[in-house]
Amino acid sequence: MTYSAETQVLHLNAQYPEAHLIKQAAERIRAGGLVAFPTETVYGLGANGFDAMAVEHIFTAKARPTSDPIILHLSSRHQLELVAKDIPQLALQLAQAFWPGPLTLVLKRQPRVPAIVTAGLDTVAVRVPSHPVALALLKAADVPIAAPSANRFSRPSPTTAQHVLEDLDGCVDLVLDGGATSIGVESTVLDLTQAIPTILRPGGALIEPLRVMIPNLQIKQRFMGAEESMPSPGMLLKHYSPNAELMLFTGSDDSKVVAHMQAIIQRLVVEGKSVGVLTSEEDHPYFARLPIQLVELGPRTDLEMIARNLFAGMRTLDFLGVDVILVKSFVQEGLGLAIWDRLIRAAEGKVITIPD
Ligand code: AMP
Ligand code: MG
């Protein structure tokens with residue numbers, strides 16, 4: 001089964017969204033429709049979070065398994081009690097410090113939140129996004145908006161309205177085009193229902209400033225292999241994946257890693273494979289002469305730019321029809337943790353470590 005609709009696209013001013021267009025989108029949400037909209041992280045596929053039928057349409061439109069819970073978006077932290085209960089003091093402090101922004105909190109669910117939103121769990125994930133279009137839509141709709149990323153399940157998340165249309169044209173009522181998103185990877189998911197506050201997914205909110213407020217913060221290791229039971233739904237290893245096979249390379253000797261990648265590229269090309277590389281600006285010259293598709297993500301120290309361009313880069317190489325994508329890993333700190341997480345999952349957990 002699928003959700004079919006005649007998809008309409010509205011172009012909005014990203015900073016000062018036009019009130020009449022926001023009103024139109026809010027009416028669609030309130031009427032049970034699906035509206036894709038930009039957030040500061042990625043584009044979301046939104047529905048009225050209190051309307052179980054509308055939320056069900058999100059799952060069918062995305063072909064998302066109903067075991068994967070959806071984040072509820074609020075217009076303000078003052079709405080928290082609408083969807084969560086027994087809210088700990090720490091949640092209120094974090095909400096004050098980090099919202100609006102790319103931090104999702106997992107809290108105890110208010111019974112009025114439909115079970116389909118949370119995949120039947122007694123917890124609920126919530127955040128207040130900072131994108132002016134998202135905030136204006138939330139205010140006008142005046143209901144929590146359930147919204148996962150607006151891609152087909154397991155595809156790279158969309159960072160432009162065009163990406164949303166690539167995956168969901170004909171399966172969503174309205175797409176609000178507010179240009180490219182600024183962060184480019186999803187929110188950080190922080191579970192406050194466990195004895196020790198636990199990061200379930202690294203994302204746009206950085207671990208380092210969170211640790212200042214939560215000294216005992218722990219990070220869930222997410223991709224330890226199939227034998228480990230799922231620590232929480234939605235943590236499937238294969239995710240964010242391009243159609244092409246992605247090979248992720250790492251190692252402390254940069255020149256050895258590059259040499260190894262060059263050798264593998266030569267071999268793949270001889271085998272008749274079409275090869276793509278996602279590269280930093282610095283490594284660009286090492287790949288420029290090879291018969292491959294090369295997409296530059298940005299300077300390797302500019303993790304914000306790398307994150308912003310990461311999913312779009314995967315989609316570009318898919319569009320060019322490559323069979324294999326090679327990527328050299330980036331530094332694993334700050335936003336680099338979220339970048340590493342997305343890459344390792346796009347690679348389905350296979351990392352090629354080059355010894356010194
Ligand atoms: P998406 O918005 O598509 O990036 O996916 C949202 C992710 O948030 C899910 O895949 C889960 O990993 C996480 N999430 C949402 N709700 C919960 C919850 N109640 N408990 C734990 N994780 C959650
Ligand atoms: Mg997603």
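For ligands, and for the atoms within them, numbers begin at 1 and follow the listed sequence. Please read these numbers as outputs of a predicted model, since none were measured by experiment.
Around atom CD of E208, more than 12 heavy atoms belonging to other residues, nucleotides or ligands sit under 6.0 Å away.
Among the backbone and side-chain atoms of N151, no N/O/S atom is found under 2.8 Å from the Mg ion (ligand 2).
With respect to T39, the side chain to side chain donor-acceptor pair (under 3.5 Å) criterion is satisfied by exactly one of R127, E186, H73: R127.
The closest heavy-atom contact to atom 13 (C) of ligand 1, among the options T198, V189, V117, comes from V189. Of the listed residues (K62, R64, K108), the one carrying the non-hydrogen atom nearest atom 3 (O) of ligand 1 is R64. Nearest-heavy-atom check against atom 20 (N) of ligand 1 across T118, T123, L105 picks out T123. Heavy-atom proximity to atom 6 (C) of ligand 1, evaluated over I71, L72, L107, is greatest for I71.
By the 4.0 Å heavy-atom criterion, L200 is counted among the residues contacting ligand 1.
Residue-ligand proximity, S149 to ligand 1, at heavy-atom distances under 4.0 Å covers atoms 1 (P), 2 (O), 3 (O). Interface atoms of ligand 1 facing D68, defined by a heavy-atom separation under 4.0 Å, are 9 (C), 10 (O). Those atoms of ligand 1 with a heavy atom of P148 less than 4.0 angstrom away are 2 (O), 3 (O).
Residues passing the salt bridge (Lys or Arg N to Asp or Glu O under 4.0 Å) test with R300, sequence neighbours excluded: D254, D283.
Residue contacts with ligand 1 for R109 are absent, since no atom lies close enough (heavy atoms, distance under 4.0 Å).
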| said: Pair R315, T159 - check side chain to side chain donor-acceptor pair (under 3.5 Å), show working. | reply: CA-CA 10 Å; R315 282 178 179 266; T159 57; over 6 Å; no
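In this structure, H260 contributes its side chain and K256 its backbone to no donor-acceptor pair below 3.5 Å.
Taking CG of L94 as the start and CD of Q89 as the end, the distance is 10.5 Å to the nearest 0.5 Å. Summarising the geometry, atom CG belonging to L200 is positioned 9.5 Å from atom CD belonging to Q218; distances are rounded to the nearest 0.5 Å.
Here's the thing with E186: none of its N/O atoms is less than 3.5 angstrom from an N/O atom of ligand 1.
Taking the charged nitrogens against the carboxylate oxygens, D51 and R30 have no contact shorter than 4.0 Å, which rules out a salt bridge.
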